[in-house]
Amino acid sequence: QQALALGLATLGPTHNNVAAMHRERADCELELGRLDDAHASYLAALTILDSNAGQLRQREAADAHGALGEVDTYRGEYEEALRHSTRELELLRASGVDDAGLATARAYIVLSLLELGRDAEAREALVAAEAGYLADDADPRRFFASVGLGELERRAGDLDAAEARFAATA
C-alpha cells in the first residue's frame, strides 16, 4: 500500500511502474483470497497498460487480462472470465508468444465455455487445441485437450467415446 502511494506520488498515475505495482498488489490480494480487491487492482493495472500502447505493453496487458480471467473464474463470473481470457489469447498471439504461453488462456476459455453450458464452442476449442498438439505425443497440453473432449463425450451420453478418450490419455 505504501509503495503504491509513493509510486503514485512520484511517478504519476499512468506510469508503467505504477501498473506493475498494481499488479504486484493484486497478486498478493489473490493469494490472500481477496478476490474483489485483486480484481480491482488487476483492472487498475490493465487500464494503465491499455493507455500506454506498444509491443511490450501488449504482453503485459495480456498478462493482466489473464489474471482478470482467472479471478473472474474463481468468482464464478464466467462471461467476464471468457471475455478476458479471449482477449489475453488475442494479445498473446499478436505478440508472438509460443504455444506454451497460450495453453493457460485456452484452458480458461474452455473452462468458461463449459461452465456457461456452451459445449459446442468448448468442443471446437478443444479440437483445435488437440490438433495443434498432435505433432508431439508427449506434450502434456494434449492430455488436457483429450480429457476435456472426454468430458464432453460423457456429458453427451456417449460413454464409449468418453472411455476411448480417457484411455488414450493413460
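Note that the numbering runs from 1 along the sequence shown for the chain.
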Original post:
Just how far is it from atom CD of E60 to atom CZ of R23, taken to the nearest 0.5 Å?
Top reply: 9.0 Å

**OP:** Determine, stepwise, if the pair E153 / R123 fulfils salt bridge (Lys or Arg N to Asp or Glu O under 4.0 Å).
**Re:** CA-CA 9 Å; E153 300 296 357; R123 178 180 301 281; 3.2 Å; yes

**OP:** Flag the pair D72 and R83 as a salt bridge only when some basic side-chain nitrogen lies within less than 4.0 angstrom of an acidic carboxylate oxygen.
**Re:** no

**OP:** Mind listing the closest non-hydrogen atom pair of A38 and L30 along with its distance?
**Re:** CB-N, 3.7 Å

Original post:
Going by heavy atoms in the side chains, are E88 and L68 under 4.5 Å from each other?
Top reply: no

Original post:
Is there a chain of hydrophobic side chains (I, L, V, M, F, W, Y, each step under 4.5 Å between heavy atoms) that links L43 to Y108?
Top reply: yes

**OP:** Apply side chain to side chain contact (heavy atoms under 4.5 Å, CB included) to the pair L159 and E163, showing each step before the final yes or no.
**Re:** CA-CA 6 Å; L159 298 182; E163 184 177 335; over 6 Å; no

Subject >> Closest approach of L35 to Y74 (non-hydrogen atoms, all atoms of both residues) >> reply: CD1-CB, 3.8 Å

**OP:** Report the distance from atom OH of Y42 to atom CG of D63, rounding to the nearest 0.5 Å.
**Re:** 10.0 Å

**OP:** Any chance you could measure E29, atom CD, to H39, atom NE2, to the nearest 0.5 Å?
**Re:** 12.0 Å

Original post:
Is the backbone of L82 close enough, under 3.5 Å, to the side chain of S85 for a donor and an acceptor to pair up by distance?
Top reply: no

Original post:
Applying the side chain to side chain contact (heavy atoms under 4.5 Å, CB included) test to I109, which of L114, L89, L126 qualifies?
Top reply: L89

Original post:
Taking atom CD of E24 and atom OG of S41, what is their separation to the nearest 0.5 Å?
Top reply: 11.0 Å

**OP:** Take the angle between the ring planes of H84 and H65 and call it parallel below 30°, perpendicular above 60°, tilted in between.
**Re:** tilted

Original post:
To the nearest 0.5 Å, how far apart are CE in M21 and CD1 in I48?
Top reply: 10.0 Å

Original post:
Do E79 and R118 meet the salt-bridge criterion of a basic N to acidic O distance under 4.0 Å?
Top reply: yes

Original post:
How many angstroms lie between atom CG of L111 and atom CD of E70, to the nearest 0.5 angstrom?
Top reply: 11.0 Å

Subject >> Reference residue L152; test side chain to side chain contact (heavy atoms under 4.5 Å, CB included); the match among D119, V127, D158 >> reply: D119

